[in-house]
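All ligand and atom numbering here is 1-based and tracks the order in the structure.
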Amino acid sequence: MPVTVARPRELRGEIIAPGDKSVSHRAIMLNALSHTGTARITNFSPGADCTSTVEIFRALGVDIARESGRDGMGDSLTVRGVGLNGLQEPADVLDAGNSGTTTRLTSGILAGRNIVTILTGDDSLKSRPMGRVVDPLRKMGAEITGRAGGTLAPLVFYGGSLKGTSYQMPVASAQLKSCLLLAGLRADGVTSITQPAESRDHTERMFSAMGVKLAKNGLELTLEPSDLETVDIEIPGDISSAAFWMIAGICHPNAELLVRNVGINPTRAGIITLLQQMGADLKLVDQREVAGEPVADVLVKSSQLKGVELSGDIVPLLIDEIPVIAVAAALAEGTTTIRDAAELRVKESDRISASVSWMKGAGIDVTATDDGMVVIGGGSIGGGQFQSYDDHRLAMSLGIAGLVSDEPITILDPDVAGISYPGFWKTVERFGGLVG
Ligand code: S3P
């Protein structure tokens, strides 16, 4: 059912960011492969994507128990590791739903096992590029087929024995990097990977905590085959979910929001650097460390932003936040130019086309480019009825646009927010923004 969001008179209060999606996927997968016991994972992401990972590893024979969380905290899970060679052949096709992270990381785990597995997902997932993981896995010796020559899911993994490789990544993708690191755990020989730019490093951090022999030299990672030791993990809050509230608090004319428990790992925190560059009143409060990841509370207040150039190495550090950054850019004084973000075209939707389409409909001066967009800010955001093209981050960006715009915004397909943040619309309602 559609929802309509209008700007409340004020936006004040506290929000607890839900558990990080990227860290949650990895906490399940890596502990499933560990050989020393049972891990406890707390504040697990409530989104459907991470449930896809849980279900896939259960289907592969891993014992995972899940308990609902209380008081705004995410669920708690226990995962009993089966060791690097302990996964069982599943009785059916493995369904990753909408989750690119599940698909690409699990591909690195399934490659080169002596079991046959088929990995698929929803229509969006089946249109996303998989050649980027299949090509290097084949180079390592994996036998994989799939639609369109193995470039699209469903993908079929037949086994084969893996050998270490030296690979220059064509894109700064944490999913590709993590896929190859996971494959390298069981390969014969060393795997070395060179990244074109830094991307989120949660796999590397968790590997270090689990005793994996991984060395980092600038953008090069060198991995020796290693066993994993079980670790308990408290998942930090998801900065990609928190970003919606940071931008709402900054762009609303009468606002002060404290977003609590936000993971500020430097490979994820590009949004904080960018908003400060744009002139936002944003402070990090109570910086601390949770399970090897830096965490803080983020305090934001109404601010007049200025346009910026967003390009280069910062792009992978805020890639998922660009649809909501576009909302901030529309209200900033001057021009915001986003470049080097062609990856947006192959996310859950083509996020350049989808963002530009609703923004034009809301009267914003915006032009799509091959690898980004140019937003002439300083105007207002008009109202209208828009669709998110089944993309959770588009749906929530539209919700935030409604909270800060002059006229109400109707989101035709809001439920897709549940992919990463099922509590999102409830929070919009709590702030008085839900009018229909
Ligand atoms: C993710 C990596 C990013 C990001 C995605 C989650 C991860 O994708 O967009 O939402 O958990 O590794 P790419 O690595 O493909 O850029």
(request) Determine whether the side chain, the backbone, both or neither of His202 has a heavy atom under 4.0 Å from any heavy atom of ligand 1. (result) neither

(message) In this structure, does ligand 1 have an atom that sits under 4.0 Å from one of the heavy atoms of Lys347?
(response) yes

(message) For atom 10 (O) of ligand 1, what's the nearest protein heavy-atom neighbour? Residue, atom name and distance, please.
(response) Asp320 OD2, 2.7 Å

(request) Please report which non-hydrogen protein atom sits nearest to atom 1 (C) of ligand 1, along with the residue it belongs to and the distance in Å to one decimal place. (result) Gln175 NE2, 3.6 Å

(message) Check this for me: does any side-chain nitrogen of one of Arg260 and Glu14 sit under 4.0 Å from a carboxylate oxygen of the other?
(response) yes

Donor-acceptor pairs under 3.5 Å, side chain of residues 166-179 to any protein atom, not counting sequence neighbours: which ones?
from	atom 1	to	atom 2	distance (Å)
Ser173	OG	Gln175	N	3.3
Ser173	OG	Leu176	N	3.0
Gln175	OE1	Arg104	NH1	2.4
Gln175	NE2	Thr101	OG1	2.8
Lys177	NZ	Gln195	OE1	3.2
Lys177	NZ	Ser199	O	3.1
Lys177	NZ	Ser199	OG	3.2
Lys177	NZ	Arg200	O	3.1
Lys177	NZ	Glu204	OE2	2.8
Ser178	OG	Arg26	NH2	3.2
Ser178	OG	Ala174	O	2.6
Ser178	OG	Thr203	OG1	2.8

(request) Decide, yes or no, whether a salt bridge links Asp238 with Arg268 under the criterion of side-chain N to carboxylate O below 4.0 Å. (result) yes

(request) Identify, for atom 11 (O) of ligand 1, the protein heavy atom at the shortest distance, and state residue, atom and that distance. (result) Ser22 OG, 2.7 Å

(request) May I ask you to identify the nearest protein heavy atom to atom 15 (O) of ligand 1, giving residue, atom name and distance to one decimal place in Å? (result) Ser173 OG, 3.1 Å

(request) Using non-hydrogen atoms of the residue, decide whether Arg26 is closer than 4.0 angstrom to ligand 1. (result) yes

(request) Before accepting this row, confirm whether a basic side-chain N of the pair Asp350/Arg345 lies closer than 4.0 Å to the acidic partner's carboxylate O. (result) yes

(message) One thing to verify: whether Arg66 and Asp75 come together as a salt bridge, which I'm taking to mean a side-chain N less than 4.0 angstrom from a carboxylate O.
(response) yes

(message) Starting from atom 14 (O) of ligand 1, what is the nearest protein heavy atom, named by residue and atom, and what distance separates them?
(response) Ala174 N, 2.7 Å

(message) I'd like to check the salt bridge (charged side-chain N to carboxylate O under 4.0 Å, His left out) partners of Asp122; sequence neighbours left out, ordered by chain and number.
(response) none

(request) Considering the heavy atoms of Thr101, write down every atom of ligand 1 situated less than 4.0 Å from one of them. (result) 1 (C), 6 (C), 7 (C), 11 (O)

(message) I'd like to check Val23 versus Pro236 (side-chain heavy atoms, cut-off strictly below 4.5 Å). Are they in contact?
(response) yes

